[in-house]
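Report on the structure given below.
In this text, all values refer to a predicted model and were calculated from it rather than measured experimentally.
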Amino acid sequence: MLRQAQHDVLFWFLFFLASLPALAQESPVLRGRVLDADTHQPIPNAQVGLADNRLGTSTNLEGRFALRVPAAYQGSTLEVALLGYRKFSRPLPPLPGPELLIELTSSPASLGTVSVTASAEGIIRTALARVPLNYPVRPTQLTGFYRESDDEAASGRYDYLAEGQLLVYKPGYQRPRAVGYVQVRESRRVDLRPDSTASQVLPGINWLAGALVPQRFDFVQQRPEFIDPKHFKEYQYRFSPQTSYQGRAVYVITFGPRLGSKRADFAGEIYIDERSYAFLGAAWHRTPAGIRRENLLVFEASERAYRTDYQRYAGRYYLKSIWYNTVGKSLAGQVRHHLAEFVTTAIDTAGLVPPTYPERSQYADIFLKTPVLYDSAFWQRYTTLLPNAALLDQARQRQAATLLRARPTPPAAANVPAGSRQAARRKWSLLSHLRYSYTGGLLPVRLPAADLRATLAPAGSALRADVQAATTPQSLTYQYAFGVQLDLTPTLAAYATTRHALRQLRGDGWEAGFTFAPNLNPLGRPLRGRVGAAYLRQSVGRELGTVPNPDAGLRLAGQALPGDQLTLSLQNVTDALLPKLGLGLELSRRWEAVADLGYVLPLRTRGQLLVEEEKGFFSLNQHAADLSLPATEAQILVNGQPAARGPWQPGRLLLSMGVLWRLGP
């Protein structure tokens with residue numbers, strides 16, 4: 001056995017010596033890995049070449065490559081290139097050696113002259129870089145047809161159907177996510193819900209921002225995350241076998257969340273023209289995880305799908321159509337189907353003026369409730385311009401035509417006598433000019449440290465009260481207010497509010513006056529300068545204590561006080577003029593944020609002893625009496641000295657911030 005083992009060892013040793021020349025003649029291997037310099041993610045399909053690409057390979061899905069380099073090429077230059085990146089070039093390092101780490105830097109502008117095998121991500125980068133060349137850089141106005149509807153998925157029964165003509169103002173595409181505007185020019189609607197259902201909040205779903213569909217889902221301009229380079233690391237991009245789209249040769253790139261990604265919300269396909277690298281369209285949907293992250297509070301969606309197409313006009317690509325589809329359960333538990341579609345019918349690139357703010361659709365607007373008046377002749381000029389195959393959902397288009405022919409005029413525009421219509425407009429006008437205010441702020445006061453004492457002994461009563469308290473220095477107190485405002489004109493309003501002071505000093509008051517608020521930003525979101533004048537009455541007082549009331553027939557200042565417990569407070573009541581300056585920013589058609597700074601000009605201040613009943617938490621009929629000071633029934637001592645009011649007085653500046661809420665639309 002030992003002799004046989006020695007023989008085997010000798011055999012393999014001689015075989016190794018014989019193979020050394022062959023091993024010495026085998027070419028060394030160049031190994032490397034190619035990463036994106038920004039995201040540090042692997043780059044597949046990058047071309048790796050030597051000696052003007054006479055010898056080369058490409059990277060795998062992990063961005064790695066391996067290339068045997070014969071001796072004749074070991075002094076040449078290594079080049080790595082990929083569409084969408086700046087070419088990497090450097091002398092070949094000595095071989096063999098460690099794995100090279102190569103980072104490619106994005107350089108979309110110069111890629112037209114580089115002929116290399118492209119990655120799907122690289123093509124998207126190129127298409128993004130060429131957006132200013134393929135899409136309008138000047139503002140554009142689109143005229144388009146919009147329709148939305150809601151139906152019960154099981155039966156197909158419509159809840160409503162609404163359609164309209166929109167003017168869509170789009171800024172240049174060279175500025176991603178630039179703000180555009182939409183104006184509803186005309187609309188009509190058919191609401192088929194029973195009145196009892198339509199008037200309830202929970203069973204019905206009122207879809208917001210319908211008219212903004214041409215802005216929200218224009219993916220080239222809005223740059224959703226699946227074409228946003230900041231999110232490329234969250235997605236996996238692949239080529240589809242499809243090579244044409246609407247008769248054009250295209251790259252079809254499918255995308256979806258990368259394995260392990262917890263932030264990617266979408267999956268779908270992108271269509272990019274092979275010659276111009278223009279986005280011709282995309283079809284995408286939210287993944288189940290993306291739907292959960294959307295957090296729709298009143299609707300449990302099972303499907304959220306989108307499709308956007310572009311058309312070529314005068315050398316540029318413009319929005320052609322948008323299709324938006326949602327399926328899910330409402331709070332009523334029924335599976336509902338919501339569909340919205342937009343089709344461009346005209347393109348205008350000259351002499352554009354964006355719509356003024358009052359004309360613009362807001363996100364909170366509900367297209368079903370658009371107040372634009374109905375004109376039956378209007379549609380003869382616009383809807384007939386739609387080609388037969390303009391809308392993607394042809395079955396729904398036919399159903400819509402049937403429904404709207406059956407009820408061509410919405411209930412609000414039915415044949416109502418002229419006098420009744422005018423009365424309805426007057427009533428509606430009053431509601432639209434009425435607003436509520438909710439504000440809070442700071443009320444300066446000058447309050448020193450003091451000992452307070454009050455005695456109360458009404459003539460002919462068994463009540464004898466003696467209470468005392470101490471104050472600590474204070475310079476500010478909090479106040480909040482509720483009020484109502486009537487807009488008399490677009491810039492002039494009358495208002496009245498009730499005020500309530502908090503902290504150590506408490507009290508109530510009211511304010512009434514006028515506000516003049518011109519719009520300082522007529523072409524954009526209204527920013528109003530506010531100038532006003534008001535009459536203010538504010539009480540500020542300190543609670544002194546609670547005493548039992550032995551007199552069930554007690555009357556003070558003409559007010560009966562039969563309660564078992566009485567609380568005494570010393571308060572100062574100030575009447576003043578209040579000029580004000582401020583600003584108001586419109587948040588939506590119903591909400592406006594306001595801030596005002598007033599200057600208190602006191603006219604007079606008087607002292608009162610406030611006596612209130614204490615009847616328990618659930619009492620709804622508590623009585624109170626204001627006893628003007630000085631009074632024979634009461635004596636007030638401040639630091640041991642007789643006084644007719646408290647030792648505090650209001651400051652001059654009054655700051656308040658809050659919101660105005662419009663009752664009508």
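A salt bridge does not link Glu300 to Lys329: none of the charged side-chain nitrogens sits closer than 4.0 Å to a carboxylate oxygen. Under the 4.0 Å criterion applied to side-chain N and carboxylate O atoms, Asp218 and Arg177 are not assigned as salt-bridge partners. In this structure, Arg147 does not pair ionically with Glu341, as no charged nitrogen and carboxylate oxygen lie closer than 4.0 Å. Ion pairing between Asp151 and Arg336 fails under the 4.0 Å rule for side-chain N and carboxylate O. Salt bridge absent: Arg189 and Glu163 never bring a charged side-chain N and a carboxylate O closer than 4.0 Å.
Relative orientation of the Phe226 and Trp284 rings is tilted, given thresholds of 30° and 60° on the angle between their planes.
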**Request:** Decide yes or no on side chain to side chain contact (heavy atoms under 4.5 Å, CB included) for Leu166 and Phe342, but give the supporting numbers first.
**Result:** CA-CA 9 Å; Leu166 309 181; Phe342 171 81; 4.1 Å; yes

**Prompt:** Do Arg662 and Glu592 pass the salt bridge (charged side-chain N to carboxylate O under 4.0 Å, His left out) test, and can you show the C-alpha distance, the side-chain angles, and the key distance before you say yes or no?
**Reply:** CA-CA 9 Å; Arg662 189 183 302 278; Glu592 180 179 353; 5.8 Å; no

**Message:** I'd like to know whether Asn325 forms a side-chain hydrogen bond (donor to acceptor under 3.5 Å, both in side chains) with His337, so could you lay out the CA-CA distance, the side-chain angles of the two residues, the decisive distance to 0.1 Å, and finally the verdict.
**Reply:** CA-CA 8 Å; Asn325 190 65; His337 175 209; 2.4 Å; yes

**CA sep, side-chain torsions, deciding dist, call: Gln362, Val182, side chain to side chain contact (heavy atoms under 4.5 Å, CB included)** = CA-CA 8 Å; Gln362 305 295 327; Val182 174; over 6 Å; no

**Prompt:** Can Trp207 and Phe299 be said to form a ring pair (Phe, Tyr, Trp, His ring centres under 6.0 Å), step by step?
**Reply:** CA-CA 10 Å; Trp207 297 92; Phe299 191 78; 5.2 Å; yes

**Message:** With side chain to side chain contact (heavy atoms under 4.5 Å, CB included) as the criterion, how do Ile347 and Gln311 come out once you've worked through the C-alpha distance, each side chain's angles and the decisive distance to 0.1 Å?
**Reply:** CA-CA 11 Å; Ile347 300 171; Gln311 58 189 330; 4.1 Å; yes

**Request:** Would you check, one step at a time, whether the test side chain to side chain contact (heavy atoms under 4.5 Å, CB included) holds for Tyr357 with Asn521?
**Result:** CA-CA 9 Å; Tyr357 185 85; Asn521 186 28; over 6 Å; no

**Request:** Please step through side-chain hydrogen bond (donor to acceptor under 3.5 Å, both in side chains) for the pair Tyr324 and Arg304, ending with a clear verdict.
**Result:** CA-CA 8 Å; Tyr324 164 50; Arg304 301 272 278 168; 2.6 Å; yes

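Among all heavy-atom pairs drawn from Ala305 and Trp323, the shortest one is CB-CZ3, 3.9 Å. The minimum heavy-atom distance between Ile322 and Pro214, with the atom names listed, is CD1-CA, 3.7 Å. A pairwise comparison of heavy atoms in Thr105 and Ala37 identifies OG1-CB, 3.9 Å as the closest pair. Across every non-hydrogen atom of Arg90 and Thr77, the tightest pair is O-CG2, 3.4 Å. Of all the heavy atoms in Glu152 and Gln334, the pair that sits closest is OE1-NE2, 4.0 Å. When every heavy atom of Thr287 is checked against every heavy atom of Pro257, the shortest pair comes out as CG2-CG, 4.0 Å.
Within the 4.5 Å cutoff, no side-chain heavy atoms of Phe88 are placed close to those of Arg86. The shortest side-chain heavy-atom distance between Val335 and Val327 falls under the 4.5 Å cut-off. In this structure the side chain of Arg33 reaches within 4.5 angstrom of the side chain of Glu99, judged on heavy atoms. At least one side-chain heavy atom of Pro139 sits less than 4.5 Å from a side-chain heavy atom of Tyr169. Using a 4.5 Å cut-off on side-chain heavy atoms (C-beta onward), Val659 and Val594 make no contact. Inter-residue side-chain proximity for Thr126 and Leu128 is flagged as unmet; no heavy-atom pair is nearer than 4.5 Å. A heavy-atom distance below 4.5 Å is not found between the side chains of Thr143 and Thr344. Residues Ile124 and Ile272 have side chains in contact (heavy-atom distance under 4.5 Å, counting atoms from C-beta outward).
The main-chain N or O of Arg138 is never found under 3.5 Å from a side-chain atom of Lys170 such that the two would form a donor-acceptor pair. The backbone N or O of Pro355 sits less than 3.5 Å from a side-chain atom of Arg360, completing a donor-acceptor pair. Checking side-chain atoms of Thr140 against main-chain N and O of Pro136 turns up no donor-acceptor pair under 3.5 Å. Gln221 places no side-chain N or O within donor-acceptor distance of the main-chain N or O of Gln215, the cut-off being under 3.5 Å. With hydrogens and angles disregarded, no donor-acceptor distance shorter than 3.5 Å links the side chain of Asp365 to the backbone of Leu208. The backbone N or O of Ser149 sits less than 3.5 Å from a side-chain atom of His338, completing a donor-acceptor pair. Put simply, the side chain of Tyr146 never gets that close to the backbone of Phe367: no donor and acceptor are under 3.5 Å apart. One N or O on the side chain of Tyr235 and one on the backbone of Phe266 form a donor-acceptor pair closer than 3.5 Å. Between the side chain of Glu234 and the backbone N or O of His231 there is no donor-acceptor pair closer than 3.5 Å.
Between atom CG of residue Leu585 and atom CG of residue Leu527 there is a gap of 6.0 Å, rounded to the nearest 0.5 Å. Interatomic distance, Gln41 CD to Phe232 CZ, rounded to the nearest 0.5 Å: 12.0 Å. Between Glu62 atom CD and Leu35 atom CG the span is 11.0 Å, to the nearest 0.5 Å. Separating the CZ atom in Arg528 from the CG atom in Leu660 is a distance of 9.5 Å, to the nearest 0.5 Å. Separation of atoms CG (Leu280) and CG (Asp309) is listed at 8.5 Å; rounding is to 0.5 Å. Distance check: Ile366 CD1 to Ser361 OG gives 12.0 Å after rounding to the nearest 0.5 Å.
Residue pairs meeting the salt bridge (charged side-chain N to carboxylate O under 4.0 Å, His left out) criterion with at least one member in residues 250-274, sequence neighbours excluded: Arg248-Asp273, Asp265-Arg286, Asp265-Arg293.
Side-chain N/O atoms of Glu103 and His40 include a donor and acceptor closer than 3.5 Å. Side-chain atoms of Tyr160 and Glu148 form a donor-acceptor pair, as typed in the model, at a separation below 3.5 Å.
For Tyr438, the OH atom counts as densely surrounded, since its 6.0 Å shell holds more than 12 non-hydrogen atoms of other residues, nucleotides or ligands.
With Tyr135 as the aromatic partner, Arg316 does not meet the cation-pi criteria of under 6.0 angstrom to the ring centre and within 45 degrees of the ring axis.
A side chain to side chain contact (heavy atoms under 4.5 Å, CB included) with Leu78 holds for exactly one of Val48, Leu67, Val69; it is Val48. Each of Phe219, Phe279, Tyr271, Tyr317 was scored for a ring pair (Phe, Tyr, Trp, His ring centres under 6.0 Å) with Tyr310, with one residue passing: Phe219.
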